Amino acid sequence: MGQEDLREKGGVTYRELRARSLLNKCDSPRMPFAWTVNPYRGCAMGCRYCYATYTHEFMGISPPEEFHSLVYVKVGTEEETARRLAAVVRRGERIALGTATDPYQPGEAESRVTRRFLEMVAKHRRARLGITTKGALVLRDLDLLQRINERSELSVHVSLTSPRADLLRRLEPLAPPPEVRIEMMRRLTEAGVETWLGLAPILPAITDAEADLDLLLEEVRTAGVRHLFSNLLFLRSPTREKYLRWLEAEFPRYLEAYRRAYEGRVYLHGPYRQRIRDLVDRLKKKHGFAGPAAEEDQARPARQLLLFE
Ligand code: SF4
């Protein structure tokens, strides 16, 4: 792999990263997919809780905040990606696009790595693809997504945990506001694409209020979405230190409770976890969402957290 700066935009440096293929094998048999695709390393959306922050440590980069200001764009991968993709589709294996970083983050407007990958997928029949994103740029590719959906298995998972734009501006500074993400879901659903609400990560004391979740599920269901998965905040180093620094600045009253709750663990268990599970199940039933119970939902993204490329 070699690297070279491409450009600087909006305080984010984009650097080229030569990679052999966009498709990477996921070796865990417990994962619901066999291959992952992450066209970028680093993500400009800036989410304070972003679990993928540690992947920059493998590039020798710290502090963790740089995960959001130095983004690597994978290049030079098309021939090997096309070859692997043909074999993956032939074997009927599932592909997850966006397991570690957002494939529709701001840099994609210019780099178009995600779009080029989707163009390859669109040439196949019976591909099996799931996309996870917060980026409204996904609508740019609606034509391709429809084409893929006609010939293959496709689902898009849009992450959104609160209907409160003011809160999300502080929490996910470069991600689109809730009304834009709900509109994304509406348009994807209208285009016939299986669309999921990714209610993840739910942040204790910050995005777990029943009234907020109730309103969010109502609005998303009204947009036509029928599927939902959920997950609680997962805190491992260096995200843990980064998130706690943010909490200290923005919500200092919760700092001690977080420190105690996450002491010696990366994931919450016990009565709080059960309460959130029951709440999500109840709201899913109330608003008519289909899909697995929250118990199973929560296992799914938690396993994804272990992934990186
Ligand atoms: S959009 Fe996803 S990958 Fe990007 S910063 Fe937010 S949580 Fe991390």
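In listed order, ligands and their atoms are each counted from 1. All values reported here derive from a predicted model rather than from experimental measurement.
Taken together through direct or relayed side-chain contacts under 4.5 Å among Ile, Leu, Val, Met, Phe, Trp and Tyr, Leu167 and Val158 form part of one hydrophobic cluster.
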Checking Arg94 against Glu153 for the salt bridge (Lys or Arg N to Asp or Glu O under 4.0 Å) test, could you report, in this order, the C-alpha distance in whole Å, the side-chain angles of both residues, the deciding distance, and whether it holds? CA-CA 9 Å; Arg94 283 207 170 91; Glu153 189 182 301; 3.5 Å; yes

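Protein atoms of type N, O or S found under 2.8 Å from atom 8 (Fe) of ligand 1 total 1.
Within the 4.0 Å heavy-atom shell around ligand 1 one finds Ala100. A heavy-atom separation below 4.0 Å is found between Lys134 and ligand 1. For the ligand labelled ligand 1, residue Gly46 lies inside the 4.0 Å heavy-atom shell.
No side-chain donor-acceptor contact under 3.5 Å links Glu110 and Tyr14. For the residue pair Glu194 / Trp196, a side-chain donor-acceptor distance below 3.5 Å is found, with atom types taken as modelled.
Phe234 and Tyr49 have their aromatic ring centers separated by at least 6.0 angstrom.
The closest side-chain heavy-atom distance from Thr13 to Val71 is not below 4.5 Å. With a 4.5 Å cut-off on side-chain heavy atoms, Tyr104 and Lys134 do not count as touching.
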